[in-house]
Amino acid sequence: MGEQKSGMHRKLTRYGDEEFSLYLRKAFIKAMGYSDDALSRPVVGITNTFSAYNACHANVPDIIDAVKRGVMLAGGLPMDFPTISLHESFAFPTSMYLRNLMAMDTEEMMRALPMDACVLIGGCDKTVPAQLMAAASANTPAIMVVTGPMLSGSHRGERVCACTDCRRFWARYRSGQIDGEEIEEVTNHLVSSVGTCGVMGTASTMACMTEALGMMLPGGATIPAVHADRLRHAEKAGARAMALARENCTPSRVMTPRALENALRVLLAVGGSTNGIVHLAAIAGRLGVQVDMDAFDAMGRETPVLIDLEPTGRYYMDDLHEAGGMAAVLRELKPLLNLDCLTVSGRTLGEEIDALPAPFEQDVVRPLSNPIHSGGGIVFLKGNLAGNGAVIKQSTCSEALLVHSGRAVVFDSLEDLARRIDDPDLDVVEGDVLVLRNAGPKGAPGMPEAGYIPIPKKLARQGVKDMVRISDCRMSGTAFGTIVLHASPEAAIGGPLALVENGDTIHLDVPARRLTLAVTDEALERRRAAWTPADEGEALRGYHKLFLDHVTQAGEGCDFDYLTKRPYVARTP
Ligand code: FES
């Protein structure tokens with residue numbers, strides 16, 4: 001049976017007799033027709049995140065076939081295995097609640113199954129961070145392939161794509177500009193192919209960050225889901241996984257602190273989703289690295305937004321791909337990147353940039369000298385209302401609201417928001433500041449993407465398009481507006497949002513990085529002394545209990561506290 005600990009010889013089930021374990025394993029796997037030759041090869045595991053509920057992953061079976069071809073051409077044995085699949089619109093209460101479960105599922109399968117390397121196939125928002133968190137913890141050689149963005153479509157002559165336009169059309173419907181028939185019709189056109197959202201939302205942001213992080217082969221972030229190149233990229237990743245196994249190129253060699261910095265730099269330069277910072281903090285936590293938000297903010301001041309893509313700009317992911325994809329971005333960003341970082345290609349990021357094809361004329365990716373926005377997309381706010389910090393995506397804010405003072409209109413929960421936001425008697429006027437609390441990691445739970453608080457209908461019908469909105473939850477990367485997010489500590493554990501009262505004055509000053517409540521320290525102390533946490537209600541059990549007992553705040557990535565880096569004491573054959 002051999003002494004070599006690779007392929008099917010790895011991670012033998014413990015019966016107390018290793019030869020028996022291997023003998024039994026072979027007997028079972030041979031039921032599927034494998035030969036001894038096949039079973040003697042190095043094994044590449046492939047995560048199968050296909051789900052009938054997940055249109056963003058509908059092309060996963062084709063990608064798996066292509067990855068398998070690449071593995072076999074390189075002499076290995078590909079083995080796909082299922083893990084949880086998460087789609088944004090099919091996860092109650094929110095996909096973020098399940099991201100850590102997917103990370104645990106993926107990590108434990110990578111630890112439990114015999115594999116010399118793993119190809120991670122993700123795409124929809126939470127899947128890529130979950131898989132990178134898993135890879136960081138399992139530290140098995142791994143390479144990421146994303147499903148790729150959907151194609152853009154058109155509605156009555158207007159180009160549309162999920163999901164910035166989903167929100168634009170919904171705002172038109174709420175303000176009475178379009179009727180019920182048209183809003184139904186537009187659902188036929190917003191998502192015109194399989195694949196991930198075709199704007200710089202969270203999925204695209206994570207794909208671009210993953211390429212910059214070095215965990216994906218060059219060019220992989222932007223190839224549309226339905227292009228033949230997507231499959232050629234997958235085939236190449238399968239072959240490369242075999243090399244990663246040979247070279248023992250583990251994620252800890254690729255995802256170094258300097259590589260994480262590159263990913264943050266790209267997050268800013270692409271005008272990426274605010275979720276990117278939460279997910280990167282979680283991935284970094286798995287590697288024992290803490291993201292310094294002040295350093296991130298300083299990085300933002302010197303990193304302009306280069307991509308003219310929705311929701312910050314005009315174009316879509318298929319345009320970015322035609323404009324050269326991440327090659328065009330990395331070429332421009334070169335002076336700001338850590339070029340010595342190893343990538344899964346076996347070359348450094350600098351070597352990959354030097355090997356890029358010659359640039360050509362296009363107007364989707366701007367040069368450093370003529371950016372879309374001179375400061376980075378995301379800003380870190382401080383002040384007595386931001387607590388340990390809050391973020392705002394300044395590249396999608398209304399210019400007129402970047403410095404603003406207004407009267408607080410407070411919603412105590414998501415339910416309260418749903419009940420009162422469109423009440424004609426709601427005491428709200430243009431210029432007020434909408435506050436949503438108890439919607440954070442523990443409060444909601446799961447920190448849902450509810451930070452894009454709708455403009456109250458009565459104001460929307462008067463033509464109000466944007467208001468300052470503040471919450472302790474997240475916002476979809478596809479959304480836009482003057483929206484402060486991730487205020488932490490969250491209200492449910494007594495953070496500053498818990499102390500706001502209707503009618504208080506709130507000051508937002510984005511250039512000065514300030515978010516303050518015009519209430520004296522003494523008054524705030526009195527309110528704090530009177531505050532009591534909400535009753536958790538019925539007895540908790542299962543994953544819900546695990547989540548509430550262990551989820552961390554946004555700045556730590558909302559990971560579970562016990563999953564951050566520490567010595568792993570379980571079996572690691
Ligand atoms: Fe899957 Fe947008 S819903 S990427």
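Counting starts at 1 for both ligands and their atoms, following the listed order. These numbers come from the heavy atoms of this one structure, side chains and all, not from hydrogens, waters or symmetry mates.
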Engineer: On the 0 to 90° scale, with breaks at 30° and 60°, tag the F547-F560 ring pair as parallel, tilted or perpendicular.
Structural biologist: perpendicular
Engineer: Examine the side chains of S345 and E352 and answer whether a donor and an acceptor come within less than 3.5 Å of each other.
Structural biologist: yes
Engineer: Determine, for D466 against R469, whether the closest basic-nitrogen to carboxylate-oxygen distance falls under 4.0 angstrom.
Structural biologist: yes
Engineer: Should the pair H227 and H321 be assigned to parallel (<30°), tilted (30 to 60°) or perpendicular (>60°) ring geometry?
Structural biologist: perpendicular
Engineer: In ligand 1, which numbered atoms sit nearer than 4.0 Å to a non-hydrogen atom of T196?
Structural biologist: 4 (S)
Engineer: Where atom 1 (Fe) of ligand 1 is the corner point, what angle links SG of C56 with SG of C124, to 10°?
Structural biologist: 110°
Engineer: So, Y97 versus F92, ring centres under 6.0 angstrom or not?
Structural biologist: no
Engineer: Which atoms of ligand 1 are found less than 4.0 Å from any heavy atom of E88?
Structural biologist: 3 (S)
Engineer: Just jot down the ligand 1 atoms closer than 4.0 angstrom to any heavy atom of A203, in number order.
Structural biologist: 4 (S)
Engineer: Any N/O/S of C197 under 2.8 Å from atom 2 (Fe) of ligand 1?
Structural biologist: yes
Engineer: Using a strict 4.0 Å cut-off to heavy atoms of D125, name the atoms of ligand 1 that fall inside it.
Structural biologist: 2 (Fe), 4 (S)
